[in-house]
Structures are given as C-alpha cells and as structure tokens.
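Atoms within each ligand, like the ligands themselves, are counted from 1 in listed order.
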Amino acid sequence: MGDALSSSTPAAVPAHIAIIMDGNGRWAQRRGLSRSEGHRAGTRAAKAVVIRARELGVRHLTLYTFSRENWSRPKEEVGLIFDLLVEYMKGELQNLLDQDIRLRVLGDFDGLPFIARQSLSHVMGKTENCRAMTLNLALNYSGREEILRACRNLVAKGVKPEDVTDQAFAAELYTAGQPDPDLIIRTSGELRLSNYLLFQAAYAEFYFTDTLWPDFDAGELDRALAEYQGRQRRFGKTGEQVTG
Ligand code: FPP
C-alpha cells in the first residue's frame, strides 16, 4: 500500500467505486491469444480487484460486466462471457461469504440466459445478509434504459409531478438504497462513459488509465485511490466554500 493510502482516514476511501473493465480483447491480441483468453484473464483481474476493494473498506463496488449493447458481439463470445460468469459464481460463492460480500445485479435480469439467472439467483440468495461490501455486477445494463424504466415506474405508480424528486427517482433505479459512485474508473485508454450509471455519475470523480483490464491489479486500484484522495470534490461549490 502506498503512503497516500496508509496515511488516509477511513472517510477518504470512496464508499462506491464503479469500474468499466475495458481492454480484454486488446490484451489478448497483443499476446497472440484468443479473445476468450482475454476475458478469462479479465475475470482473474476482477477477482483480485474485488478482494482489494474489500480489504480497503470500499462498501460498494460495481463492475460493468455486460452492457445491453454487448449482445451485438459474436454469439460465441457472448456465450463465453456468460460461461465465465457462471464459473465465477460457482468458484467464488464461498469467498464472497467468507468476506461478507453481498452480490447484486444491476440491469435487465429477465433478459439474461437461464443458466446465468439461475447461478446469479443462487449466489444473491446465499449472500443477501452479507454486509461488509456490496458487489454489483452490471449485466444486460443500459443507463438510458435504467432511467426510462424509473420514469415508467413512477408514472405507473401515479406519482404526481411535484413528487418526482431526486430521492423518489433514485429509489426506482437498479442502485436503489446504494450511494452514488464516488469514483468511476475506466481502463484501456478509452475516455467514454458508454451508457454507464448515467444518473448516478452526476458528481463522480473519473479516473482513466491506459492499463488494459487484465493487467489492472491491486496496485492499480491503490493508484486510482491515491489519485482520488488528492482530488478536491466540490459538488458545485467554490474551492473556498469546500476548504473554508
Ligand atoms: C471488455 O473488454 C470486457 C467485457 C465487455 C466483458 C466481460 C468482462 C469480463 C469477462 C471480466 C469480468 C468477469 C466477471 C465474471 C466478473 P473488451 O472485450 O471490450 O476489450 P477490447 O475493447 O480490447 O476488445
């Protein structure tokens, strides 16, 4: 752990980190490996980052695992990603329980393949009382769809226009009951949000790195946190208002 982290107060650790895990394909290509190998290595990186986030005291970790747009990838690749997900669920259940980590899914759950729904439901059920950290997997997820769904829910409930508040809206999002992300990390040098947590990202700090996702390890997460801790978060206020 670097100095910036070891000297930090617990309050400086972001309560919620959201990650766009990008670059599995390029990582594999650079090594002359198949995209499948890239996703396999990406899954190993995800495991390491979950452990590190938990160690650091992060309360919510969200991983962009499969976007609604990802369905347009070749069928074999989509199949492999869900195979890896099911493998991850089988292999990690005990670790999640041991580390008191609750699993949640953000996204259109019913649109996921049956086998994925089955294994996710099993792990979500088993870990539902875990409290140290919530691991959200964004699956079949679209930020715009999430916002439209929230609008539809409010309309269906007959909520009056004046009662459509920030809180009422947030309660209809997949992240209901969880804080907004403080820090959003994207790997592989891409500088986009790609339909990720559009409503929740309002005041998030962004951290971009050229590191490809399979190479993103505990040390990389520490670096992202050290940079986050050096930032001044203003939430629309002036610098004097924040420091004074
Ligand atoms: C991004 O790399 C990765 C994905 C779209 C998907 C899947 C993520 C994993 C398999 C890792 C985490 C898995 C679990 C089970 C938690 P890319 O394919 O877009 O890379 P490229 O832009 O270099 O082609």
Side-chain angles (χ1 to χ4, degrees), residues 17-54 58 60-96 99 101-109 111-113 115-124 126-127 133-143 174 184-197 208-218 220-221:
I17 299 180
I19 307 184
I20 303 176
M21 309 179 287
D22 201 2
N24 293 350
R26 277 163 285 169
W27 182 91
Q29 196 179 26
R30 284 180 198 176
R31 287 164 176 74
L33 300 170
S34 65
R35 292 184 62 81
S36 306
E37 287 308 315
H39 291 316
R40 231 171 246 292
T43 307
R44 286 195 290 274
K47 282 183 200 167
V49 165
V50 168
I51 292 169
R52 186 61 178 155
R54 166 72 178 85
V58 172
H60 305 261
L61 176 68
T62 302
L63 302 179
Y64 206 174
T65 308
F66 194 84
S67 73
R68 196 182 54 167
E69 289 71 31
N70 285 153
W71 291 111
S72 62
R73 292 190 178 212
K75 215 173 140 217
E76 302 71 46
E77 184 173 345
V78 170
L80 177 97
I81 291 172
F82 284 108
D83 286 350
L84 286 172
L85 180 73
V86 171
E87 253 177 53
Y88 177 90
M89 291 303 132
K90 277 199 194 120
E92 290 302 294
L93 174 58
Q94 196 53 52
N95 289 338
L96 294 177
Q99 295 175 73
I101 298 174
R102 169 173 73 157
L103 180 79
R104 285 284 173 89
V105 170
L106 312 182
D108 177 11
F109 190 79
L112 293 172
I115 178 98
R117 274 185 280 143
Q118 218 180 15
S119 81
L120 288 162
S121 296
H122 179 67
V123 176
M124 283 193 288
K126 291 275 183 200
T127 62
M133 185 171 93
T134 298
L135 170 63
N136 297 304
L137 296 184
L139 286 164
N140 196 15
Y141 177 85
S142 150
Y174 292 121
I184 295 182
I185 297 173
R186 183 168 191 151
T187 58
S188 89
E190 305 292 342
L191 309 177
R192 290 185 295 279
L193 201 46
S194 298
N195 210 2
Y196 194 41
L197 303 171
F208 296 104
T209 172
D210 287 337
T211 301
L212 301 175
W213 176 249
D215 291 327
F216 194 93
D217 56 13
E220 293 273 347
L221 186 66

Exercise. Side-chain contact, heavy-atom cut-off 4.5 Å: Q99 with M133?
Worked result: no
Exercise. Between L63 and ligand 1, which part of the residue brings a heavy atom under 4.0 Å of the ligand: side chain, backbone, both or neither?
Worked result: neither
Exercise. Nearest to atom 13 (C) of ligand 1, what protein heavy atom do you find, and at what distance?
Worked result: T43 OG1, 3.7 Å
Exercise. Does R40 come within less than 4.0 angstrom of ligand 1, counting non-hydrogen atoms of the residue?
Worked result: no
For this session: Show which atoms of ligand 1 fall inside a sub-4.0 Å distance from at least one heavy-atom site of G25.
Result: 17 (P), 18 (O), 20 (O), 21 (P), 23 (O), 24 (O)
Exercise. Atoms of ligand 1 less than 4.0 Å from N70 heavy atoms?
Worked result: 5 (C)
Problem set entry | Atom indices of ligand 1, in the order listed, that fall short of 4.0 Å to a heavy atom of H39 | 10 (C), 18 (O)
Problem set entry | Side chain proximity check, L197 to Y64, heavy atoms < 4.5 angstrom | no
Problem set entry | Distance-only donor-acceptor check, side chains T127 and R102, under 3.5 Å | no
Problem set entry | Under 3.5 Å donor-acceptor, N140 side chain and F109 backbone | no
For this session: May I ask you to decide if S67's main-chain N or O and N70's side chain share a donor-acceptor pair within less than 3.5 Å?
Result: yes
Exercise. Between W27 and L33, is any pair of side-chain heavy atoms under 4.5 Å apart?
Worked result: yes
Exercise. Does an N or O from W213, backbone or side chain, lie closer than 3.5 Å to an N or O of ligand 1?
Worked result: no
For this session: Work out which heavy atom in A45 is nearest to a heavy atom in W213; give both atom names and the distance.
Result: CB-O, 3.4 Å
Exercise. Evaluating non-hydrogen atoms only, which member of T65, V78, N24 is closest to atom 9 (C) of ligand 1?
Worked result: N24
Problem set entry | R26 neighbourhood, listing ligand 1 atoms whose heavy-atom distance to it stays under 4.0 Å | 21 (P), 22 (O), 23 (O)
For this session: Ignoring angles and geometry beyond distance, decide whether W27 reaches within less than 3.5 Å of ligand 1 through its nitrogen or oxygen atoms.
Result: no
Exercise. Mind checking whether V49 and F216 have side chains closer than 4.5 Å, heavy atoms only?
Worked result: yes
Exercise. Would you say the side chain of R35 lies within less than 4.5 Å of the side chain of R73, judging by non-hydrogen atoms?
Worked result: yes
Exercise. With only distance considered, is L137 within less than 3.5 Å of ligand 1 through an N or O on each side?
Worked result: no
Exercise. For atom 16 (C) of ligand 1, what's the nearest protein heavy atom and its distance?
Worked result: A46 CB, 4.0 Å
For this session: Kindly identify the option in M21, R73, E77 whose heavy atom sits closest to atom 18 (O) of ligand 1.
Result: R73
Problem set entry | Numbered atoms of ligand 1 (with element) below 4.0 Å of G42, judged on heavy atoms | 11 (C)
